[in-house]
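Working notes, structure below.
Worth knowing before you read on, the calculation uses all heavy atoms, side chains too, and leaves out hydrogens, waters and symmetry mates. Since we're looking at a predicted model, the values are computed, not measured. Throughout, residue positions are numbered sequentially from 1 according to the sequence presented.
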Amino acid sequence: MKSVLRSIILNSFGLWVTSQVITGLRINGGIDIVIFGGIAFTLMNMLVKPIISILTLPLTLLTMGLFSWVLNVALVYLLTVLVQQIEITAYTFPGINAAGITIPSIAFSTLTTTILIAFMLSFIANFFTWLFRK
């Protein structure tokens with residue numbers, strides 16, 4: 001029970017941080033929608049992801065684990081379907097110019113924004129799980 005609550009808190013925090021960093025992830029509502037999204041994402045990771053991972057195990061082995069990223073993207077998309085207040089739109093990275101290094105602005109489509117959000121959510125969740133482990 002403790003690990004489920006920790007996972008809900010970390011996923012809720014990850015959703016909120018990702019929505020603040022990547023403006024393509026919009027959460028229309030307050031903290032209750034963020035927590036509900038965290039609960040839904042935790043339940044999908046606990047119930048849906050293991051079943052899909054077993055079903056797609058040959059493809060995951062064939063791609064040496066890279067297909068697991070496709071599963072993460074699919075779960076993020078499923079989250080936007082289940083929780084209507086969470087939506088993903090196209091995102092434009094404004095670019096950076098610092099210390100003589102210039103990164104130009106980049107426009108991401110909705111699909112690439114979903115991939116970016118899935119990557120960031122898994123990074124935040126794994127980082128904080130590592131940080132708060134016993």
Problem set entry | ILVMFWY cluster, Ile22 and Phe108 together (side-chain gap under 4.5 Å) | yes
For this session: Look up atom CG in Leu79 and atom CG in Leu25, then write down how far apart they are to the nearest 0.5 Å.
Result: 8.5 Å
Problem set entry | Thr112 and Ser109: side chain donor to acceptor below 3.5 Å | yes
Problem set entry | Value rounded to 0.5 Å, distance of CG in Leu5 from OG1 in Thr42 | 9.5 Å
Exercise. Can you name the one residue among Ile31, Val34, Ile35 that meets side-chain contact (heavy atoms from CB on, under 4.5 Å) with Trp16?
Worked result: Val34
Problem set entry | Close side-chain approach of Tyr91 to Ile117, heavy-atom, < 4.5 Å | no
Seminar exercise, completed: Here the pair of heavy atoms bringing Gly38 nearest to Ser12 is CA-OG, 3.4 Å
Problem set entry | Spatial distance of atom CG (Leu71) from atom NZ (Lys49) [nearest 0.5 Å] | 7.0 Å
Exercise. Less than 4.5 Å apart, any side-chain heavy atom of Asn11 and any of Asn45?
Worked result: yes
For this session: Could you please spell out the steps behind the side-chain contact (heavy atoms from CB on, under 4.5 Å) verdict for Thr113 and Thr89?
Result: CA-CA 7 Å; Thr113 304; Thr89 59; over 6 Å; no
Exercise. Any side-chain heavy-atom pair from Leu82 and Met44 closer than 4.5 angstrom?
Worked result: yes
Seminar exercise, completed: Rounded to the nearest 0.5 angstrom, the CD1-CG distance for Ile39 and Leu43 is 7.5 Å
Exercise. What pairs with Asn97 under side-chain hydrogen bond (donor to acceptor under 3.5 Å, both in side chains), at least two apart in sequence or on another chain?
Worked result: Thr102
Exercise. Do other residues, nucleotides or ligands put more than 12 heavy atoms under 6.0 Å from Tyr77 OH?
Worked result: no
Exercise. Is there any ring-ring contact (aromatic ring centres under 6.0 Å, His included) pair reaching into residues 50-72, and which pairs are they, with sequence neighbours excluded?
Worked result: Trp69-Phe119
Exercise. Ignoring hydrogens and geometry, is there a side-chain-to-backbone donor-acceptor pair from Gln84 to Val81 under 3.5 Å?
Worked result: yes
Exercise. Below 4.5 Å, heavy atoms only, C-beta onward: do Ile33 and Ile86 meet side chain to side chain?
Worked result: yes
Exercise. Side-chain contact, heavy-atom cut-off 4.5 Å: Val70 with Thr56?
Worked result: no
For this session: For the residue pair Leu75 and Leu121, establish whether any side-chain heavy-atom pair is separated by less than 4.5 Å.
Result: no
Exercise. Residues in side-chain hydrogen bond (donor to acceptor under 3.5 Å, both in side chains) with Gln85, at least two apart?
Worked result: none
Seminar exercise, completed: Between the OG1 atom in Thr114 and the CG atom in Asn72, the distance rounded to the nearest 0.5 Å is 12.5 Å
Exercise. About how many Å separate OG of Ser53 and CG of Leu59, when rounded to the nearest 0.5 Å?
Worked result: 11.5 Å
For this session: Verify the cluster assignment for Phe36 and Ile9: are they in a single hydrophobic cluster under the rule of side-chain heavy atoms below 4.5 Å apart?
Result: no
